[in-house]
Amino acid sequence: MSGQIVELDRATLGQLIDGELPWDDVHHIQSSYKDPQRFDTYIEVLQSRVEWDEPIVLPLSPYLMIVKNAEGVYAVKCLCGYELGDYRENWKTNALINVRDTEESLGEIYPGPRCPDPEKNEIREFFCPDCARQLEVDAVPPGYPILVNFKPNLEVFYRDWLGRELP
């Protein structure tokens, strides 16, 4: 069964994004070959859910998208519409950052003996400056640089994977 191409309509893809499909259906979708239009359908569903007009070029996470903004710059944008800068730069440096680096602050999410040692660990929570949605969490040693999780090559993705030019 996993050798078959599974085509998803917009409604089913929307249910998948929202976590509303039964696990067996999700597993079948994940383990089957993807239909050639899946990426475009996914982008259509995401685009229909945002209130801004800039075209989504690539989703980064459930809450962040790379868009082509009005100035023609490919930028990271939160679902609320707030731009966090050029996609080639680390968007996290433009987010609000809460650092949990004390026993008390770490203990709020890891109470008791599970609490990490603040001398060896800190948790960085990244929030959208506009809507305050939590966008990402990093657990790192104190003083560690802000991580870049994913830096896509948009031109190569569109040319070599999708077979077309970057919009």
Side-chain angles (χ1 to χ4, degrees), residues 2 6 8 10-32 34 38-39 41-52 54 56-67 69 73-154 156-157 161:
S2 65
V6 174
L8 295 182
R10 288 180 65 163
T12 305
L13 195 50
Q15 289 177 306
L16 178 65
I17 293 167
D18 295 335
E20 296 173 350
L21 291 178
W23 168 244
D24 288 344
D25 292 350
V26 172
H27 183 263
H28 178 68
I29 290 167
Q30 289 177 332
S31 61
S32 299
K34 309 320 180 240
R38 175 80 53 90
F39 180 76
T41 306
Y42 182 45
I43 295 296
E44 287 174 20
V45 171
L46 294 174
Q47 195 77 55
S48 73
R49 294 173 170 210
V50 296
E51 295 182 10
W52 31 268
E54 292 86 358
I56 297 170
V57 177
L58 187 70
L60 288 180
S61 75
Y63 308 120
L64 295 174
M65 313 289 158
I66 296 176
V67 302
N69 68 18
V73 173
Y74 295 100
V76 176
K77 190 171 213 164
C78 179
L79 288 181
C80 73
Y82 186 85
E83 278 194 23
L84 292 147
D86 188 303
Y87 86 99
R88 294 167 294 188
E89 304 297 324
N90 191 349
W91 65 264
K92 293 177 183 178
T93 61
N94 294 318
L96 298 177
I97 305 171
N98 180 50
V99 179
R100 293 178 182 269
D101 58 359
T102 65
E103 206 168 295
E104 181 182 357
S105 64
L106 288 164
E108 291 174 3
I109 52 176
Y110 292 106
R114 300 180 331 172
C115 186
D117 180 350
E119 296 292 320
K120 298 177 183 172
N121 303 276
E122 69 182 30
I123 295 177
R124 299 176 187 154
E125 302 165 316
F126 299 89
F127 296 90
C128 175
D130 188 42
C131 70
R133 176 180 277 126
Q134 188 175 53
L135 302 172
E136 185 101 21
V137 177
D138 291 339
V140 295
Y144 200 79
I146 295 177
L147 298 171
V148 176
N149 293 11
F150 179 53
K151 190 174 176 184
N153 186 326
L154 293 178
V156 169
F157 174 69
W161 286 84

Inspect the surroundings of OH in Tyr144 and state if more than 12 heavy atoms from other residues, nucleotides or ligands are less than 6.0 Å away. no

With a cut-off of 3.5 Å and sequence neighbours excluded, list every side-chain donor-acceptor pair involving residues 134-142.
unit_1: Glu136; atom_1: OE2; unit_2: Asn149; atom_2: ND2; d: 2.3
unit_1: Asp138; atom_1: OD1; unit_2: Lys92; atom_2: NZ; d: 3.3
unit_1: Asp138; atom_1: OD2; unit_2: Lys92; atom_2: NZ; d: 2.7

- If we only count heavy atoms from C-beta on, is the Pro129 to Tyr82 side-chain gap below 4.5 Å? yes

Nearest heavy-atom contact between Asp130 and Cys80 is OD2-SG, 3.6 Å

Residue pairs passing the salt bridge (Lys or Arg N to Asp or Glu O under 4.0 Å) test with at least one member in residues 103-117, sequence neighbours excluded, are Arg100-Glu108

Are any non-hydrogen side-chain atoms of Tyr42 and Ile17 less than 4.5 angstrom apart? yes

When rounded to the nearest 0.5 Å, the distance separating CG of Asp25 from CD of Gln30 is 11.0 Å

Correct closest heavy-atom pair for Ala75 and Asn69 would be CB-ND2, 4.1 Å

query = Any donor-acceptor pair under 3.5 Å linking the side chain of Lys120 with the backbone of Pro118?
reply = no

Fill in: Close side-chain approach of Met65 to Val57, heavy-atom, < 4.5 Å
no

Value for CG (Asn90) from CG (Leu84), rounded to nearest 0.5 Å, stands at 10.0 Å

Atom CZ of Phe127 with >12 non-hydrogen neighbours under 6.0 angstrom:
yes

*Student check: side-chain heavy atoms of Trp52 and Val67 closer than 4.5 Å*: yes

CG of Leu46 to CD1 of Ile56, rounded to nearest 0.5 Å, is 5.0 Å

Taken to the nearest 0.5 Å, the spacing of Trp91 CH2 from Ile146 CD1 works out to 10.0 Å

Note to self: Please determine whether side chain to side chain contact (heavy atoms under 4.5 Å, CB included) holds for the pair Ile109 and Ile123, giving the CA-CA distance in whole Å, both sets of side-chain angles, and the decisive distance to 0.1 Å.
What the structure shows: CA-CA 10 Å; Ile109 52 176; Ile123 295 177; 3.6 Å; yes

With sequence neighbours left out, the residues meeting salt bridge (charged side-chain N to carboxylate O under 4.0 Å, His left out) with Arg88 are Asp86

Sorted by chain and number, sequence neighbours left out, salt bridge (charged side-chain N to carboxylate O under 4.0 Å, His left out) with Glu44 holds for Arg10

- Query: Do Glu83 and Val73 touch side chain to side chain, with heavy atoms closer than 4.5 Å?
  - Reply: no

Nearest heavy-atom approach of Cys78 to Leu64 is CA-CD2, 3.9 Å

Rounded to the nearest 0.5 angstrom, the CG-SG distance for Asn94 and Cys128 is 11.0 Å

Distance col, row Leu21:CG vs Gln15:CD, nearest 0.5 angstrom, shows 5.0 Å

Ser48 and Val45 have their tightest heavy-atom pair at OG-O, 2.7 Å

Side chain to side chain donor-acceptor pair (under 3.5 Å) filter on Arg124, not counting sequence neighbours, yields Glu122

Min side-chain heavy-atom separation Leu58-Pro152 under 4.5 Å
yes

Do Val76 and Leu60 come close enough that some side-chain heavy atom pair is under 4.5 Å? yes

Sequence neighbours excluded, the answer for side chain to side chain donor-acceptor pair (under 3.5 Å) partners of Arg133 is none

